[in-house]
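Everything on this sheet refers to the single structure shown next.
Every value quoted in this text rests on a predicted model; they were computed, and no experiment measured them. Note on naming: letters A, B, ... go to the chains in the order of the sequence lines (proteins, then strands), and numbering restarts at 1 for each one.
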Protein chains: 2
Amino acid sequence: MTKAPISQSQTLCDSCLPAVTQKQEQILQGAMRVFLKAGYAGTSMDRVSAEAGVSKQTIYSHFQDKKGLFKALMEWVTIASFSRFFDVEQLQGEPAVLLRQVAETYFTKVADHPDYIALLRLVVAESEHFPELAKLYTQTVIQRGHQLLSQYFVCHPELGIADPEATTHIFFGSLVSHVMVQEMLNGNETMPLARDRLLDNLVNLVLAQTKNVRLH
Amino acid sequence: MTKAPISQSQTLCDSCLPAVTQKQEQILQGAMRVFLKAGYAGTSMDRVSAEAGVSKQTIYSHFQDKKGLFKALMEWVTIASFSRFFDVEQLQGEPAVLLRQVAETYFTKVADHPDYIALLRLVVAESEHFPELAKLYTQTVIQRGHQLLSQYFVCHPELGIADPEATTHIFFGSLVSHVMVQEMLNGNETMPLARDRLLDNLVNLVLAQTKNVRLH
DNA sequence: GTCTATACCCTGATAGAC
DNA sequence: GTCTATCAGGGTATAGAC
């Protein structure tokens with residue numbers, strides 16, 4: 001971990017790759033608050049203009065229309081906020097500890113941010129009407145995490161991971177669906193499962209392959 | 001498997017638990033087509049009335065308002081369509097074969113139905129505005145499947161499953177997130193992973209605990 | 001119970017003053 | 001570039017005839 005400031009005071013993004021003017025960022029910040037809460041169809045341009053503190057026409061002068069604003073927003077949020085999450089994590093140390101660290105990074109740095117839940121919800125919700133945004137999300141967020149863990153498995157054959165890619169899907173898939181069921185669908189009320197308990201079993205399962213290898 | 005007819009010609013439901021009149025079912029069928037495709041905010045009552053072939057007022061006489069219609073629809077679809085999926089499946093036979101059967105039941109009977117994808121998408125999308133529907137979904141659909149597999153693990157201690165509940169979360173979580181990423185978010189284009197490959201590894205991982213037990 | 005017609009509000013998008 | 005004012009269209013919900 002570098003000594004980068006932990007404060008995420010500016011809601012979600014601070015270092016934004018897409019070049020945006022100060023006014024555009026002001027609009028996008030307001031648009032984010034509305035779109036993430038109300039969804040695409042549930043968002044009105046009036047509401048966005050009020051939330052951003054600008055007039056409607058100002059929005060239309062910077063972005064073609066509602067669709068254009070939405071696409072620009074999603075690119076902005078997705079690219080800017082997740083480009084650093086699993087960036088240059090030091091992938092070394094005891095495998096069991098390392099896997100827990102990766103998982104806990106996902107939990108604390110991603111899943112615990114309400115904006116992430118809202119973003120995931122929105123991407124899923126609009127995945128039919130805006131498939132290109134779903135694709136952007138998978139490439140920018142999901143694939144990034146997968147490649148990192150998958151490469152780690154490949155570079156450490158002593159772990160005996162039979163299929164790094166598939167194992168990665170199982171690992172992150174369990175984490176994502178856990179967050180989805182527990183946090184988004186309120187499963188914590190009727191079928192709760194503590195994160196630690198999931199992690200204990202998940203790490204054990206993945207590293208069980210190691211033991212079998214050693215017994216050969 | 002009983003000799004129940006496989007034909008699901010009536011879109012999603014045929015035997016419906018909630019008592020509905022013929023007219024109400026006509027309305028719900030139309031509402032389903034619109035809501036599942038356009039989402040809640042994207043659905044207009046005009047569109048529903050046109051799709052159902054009734055007047056708008058007829059809808060308002062049977063259901064309080066748009067919200068009431070939506071809730072009634074979701075209960076109808078959720079309860080009616082999933083009450084039989086994992087019903088009295090014969091949970092016996094070779095564990096590796098059995099686990100694959102459960103997974104393939106999920107894939108072919110659930111995930112391959114476009115309506116299921118749309119329903120899951122809609123539940124996720126509206127999980128903030130309609131948390132009670134998300135809860136209904138988890139209780140009716142997710143919990144049902146979980147209890148079945150979890151009980152199987154409990155009743156077969158020779159498998160050496162350390163934590164049946166957590167293992168079940170990992171098992172179904174991997175399946176659900178796979179469907180979500182591959183089918184809904186178009187991950188099959190940029191990060192494809194065949195179902196068989198996922199299943200091979202998933203079953204191996206879960207049953208690896210069995211081998212370790214035998215070695216004791 | 002069901003349909004036609006309509007009231008009333010808010011939406012996305014535009015035109016013109018500054 | 002930015003704002004105020006406005007348009008045309010479609011939204012939810014209701015009223016009254018059959």
Nucleotides 8-10 of chain D: which of its N/O atoms have a protein N/O under 3.5 Å away?
none

Salt-bridge present (B:Lys135, A:Glu189; N to O < 4.0 Å): yes
Within residues 47-63 of chain A, which residues have any heavy atom lying less than 4.0 Å from an atom of DNA chain C? A:Lys56, A:Gln57, A:Tyr60
For B:Thr190 and A:Gln143, which heavy atoms make the closest approach, and how far apart are they? O-NE2, 2.8 Å
B:Gln64 CD - D:dT14 C1' separation (whole Å): 16 Å
Would you say that A:Arg121 contacts A:Tyr116 through its side chain, given a criterion of any heavy-atom pair below 4.5 Å between the two side chains? no
Separation of D:dT12 P from B:Lys67 NZ (nearest whole Å): 14 Å
For A:Phe70, which residues count as a ring-ring contact (aromatic ring centres under 6.0 Å, His included) partner, sequence neighbours excluded? A:Phe35, A:Tyr40, A:Phe130
Rounded to the nearest Å, what distance is computed from the CE atom of residue B:Met45 to the C1' atom of nucleotide C:dC9? 17 Å
From OH of A:Tyr40 across to C1' of C:dT11 the rounded distance in Å is 12 Å
Shortest non-hydrogen contact from B:Ala118 toward B:Leu36: CB-O, 3.7 Å
Interatomic distance, B:Leu69 CG vs D:dG11 C1' [rounded to whole Å]: 15 Å
If we only count heavy atoms from C-beta on, is the B:Leu199 to B:Phe107 side-chain gap below 4.5 Å? yes
Within the 4.0 Å heavy-atom criterion, would you say A:Thr21 contacts the bases, only the backbone, or no part of the nucleic acid? nothing
What is the distance from CD of A:Gln24 to C1' of D:dG1, rounded to the nearest Å? 12 Å
Between B:Ser55 and B:Thr58: side-chain donor-acceptor atoms closer than 3.5 Å: yes
Are the charged groups of B:Glu104 and B:Arg195 less than 4.0 angstrom apart, N to O? no
